[in-house]
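Note that these values count all heavy atoms, side chains included, but never hydrogens, waters or copies made by symmetry.
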Amino acid sequence: MGEEHVWMVWLGVALVLVAIEAVTVDLTFLMLAGGAVGASIAAALGGGPLVQAVVAALVSVALLAIVRPWMKRRLTGKAPEIMGAAAQVGRSAYALDRVTPAGGRVKLSGETWSARTLSDNIEPGEEVVVDSIDGATAIVSRAHVVGS
């Protein structure tokens with residue numbers, strides 16, 4: 001293979017690095033693949049082997065130093081999604097019947113839940129907020145209306 005096809009070798013290296021990235025999922029090999037693509041472009045533009053190696057190194061280092069940390073933050077910066085009963089905490093609901101410290105029922109996320117308060121008595125139709133979940137019972141309090 002002549003020098004005019006060296007850029008294809010760099011693209012092959014980039015593809016191998018992308019395949020390794022698919023297994024590791026750490027974004028390191030993806031950044032190195034970016035460096036190989038940069039070297040491929042340098043080769044296609046007629047750069048010699050030294051130029052290609054320098055471009056590969058500079059692009060890889062820049063991607064590893066700048067892009068990888070940003071991408072890692074974007075991909076892992078989100079809090080884990082809360083599921084199950086714990087996801088109901090903080091949501092609003094409506095009292096279906098009188099809710100007291102002894103018990104009652106509320107409509108929460110389209111479902112009927114057993115509920116109780118810690119001290120108040122809440123009348124049917126009143127809006128409540130879920131403060132916590134105790135087993136299968138929502139612990140609720142009266143919703144505070146903004147401006148009142």
Side-chain angles (χ1 to χ4, degrees), residues 1-96 99 103-120 122 125-148:
M1 180 162 43
E3 286 186 37
E4 65 275 358
H5 298 296
V6 173
W7 65 272
M8 291 171 56
V9 173
W10 281 109
L11 284 182
V13 169
L15 289 174
V16 169
L17 291 168
V18 168
I20 294 170
E21 178 62 39
V23 175
T24 63
V25 194
D26 188 46
L27 301 176
T28 300
F29 289 98
L30 188 61
M31 302 303 115
L32 296 176
V37 170
S40 174
I41 293 169
L45 294 175
L50 181 60
V51 171
Q52 295 169 31
V54 168
V55 168
L58 289 177
V59 171
S60 294
V61 168
L63 290 173
L64 285 166
I66 299 166
V67 177
R68 183 177 178 268
W70 174 78
M71 287 180 73
K72 293 274 287 187
R73 279 192 306 272
R74 294 283 313 247
L75 295 174
T76 61
K78 295 179 183 172
E81 187 174 328
I82 299 172
M83 299 181 70
Q88 304 302 330
V89 174
R91 291 197 175 181
S92 63
Y94 290 93
L96 294 174
V99 182
R105 293 182 311 138
V106 296
K107 188 68 129 184
L108 173 61
S109 298
E111 298 178 347
T112 301
W113 281 65
S114 60
R116 65 182 174 86
T117 65
L118 294 178
S119 59
D120 292 348
I122 298 170
E126 282 191 68
E127 185 177 359
V128 296
V129 175
V130 178
D131 295 324
S132 63
I133 301 292
D134 181 18
T137 303
I139 310 302
V140 300
S141 60
R142 187 171 279 110
H144 298 286
V145 179
V146 177
S148 62

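- Taken from OG1 in Thr28 to CD1 in Ile20, the straight-line distance is 11.5 Å, to the nearest 0.5 Å.
- The shortest side-chain heavy-atom distance between Val106 and Val99 falls under the 4.5 Å cut-off.
- What you find for Val18 and Ala33 is that their closest heavy atoms are CG2-CB, 3.8 Å.
- How far CG of Leu27 is from CH2 of Trp70: 10.5 Å, rounded to the nearest 0.5 Å.
- Summarising the geometry, atom OG belonging to Ser114 is positioned 11.5 Å from atom CG belonging to Leu96; distances are rounded to the nearest 0.5 Å.
- Counting only residues at least two apart or in different chains, salt bridge (charged side-chain N to carboxylate O under 4.0 Å, His left out) contacts with residues 25-39 comprise Asp26-Arg68, Asp26-Lys72.
- The side-chain heavy atoms of Val129 and Arg91, taken from C-beta on, include no pair separated by under 4.5 Å.
- Here salt bridge (charged side-chain N to carboxylate O under 4.0 Å, His left out) pairs that include residues 37-50, with residues two or more places apart or in two chains, number zero.
- Residue Ile139 holds its CD1 atom at 7.5 Å from CD1 of Ile133, rounded to the nearest 0.5 Å.
- A donor-acceptor pair is defined here as one N or O able to donate and one able to accept, closer than 3.5 Å; such a pair exists between the side chain of Glu21 and the backbone of Phe29.
- In this structure, CG on Leu64 lies 5.5 Å from CG on Leu32, to the nearest 0.5 angstrom.
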Throw together a table of side-chain donor-acceptor distances under 3.5 angstrom for residues 45-63, partners on residues two or more places apart or in other chains.
from, atom 1, to, atom 2, distance (Å)
Gln52, OE1, Trp10, NE1, 2.7
Gln52, NE2, Gly47, O, 2.8
Ser60, OG, Ala56, O, 2.8

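- Pairing each heavy atom of Ala93 with each of Lys107, the nearest pair is CB-O, 3.1 Å.
- Proximity of Asp131 to Val140: side-chain heavy atoms (C-beta onward) are nowhere separated by under 4.5 Å.
- One distance of note links CE of Met31 with CD1 of Ile66; it measures 11.5 Å at 0.5 Å rounding.
- Nearest approach of Ser132 to Val89, heavy atoms of both residues: CA-CG2, 3.9 Å.
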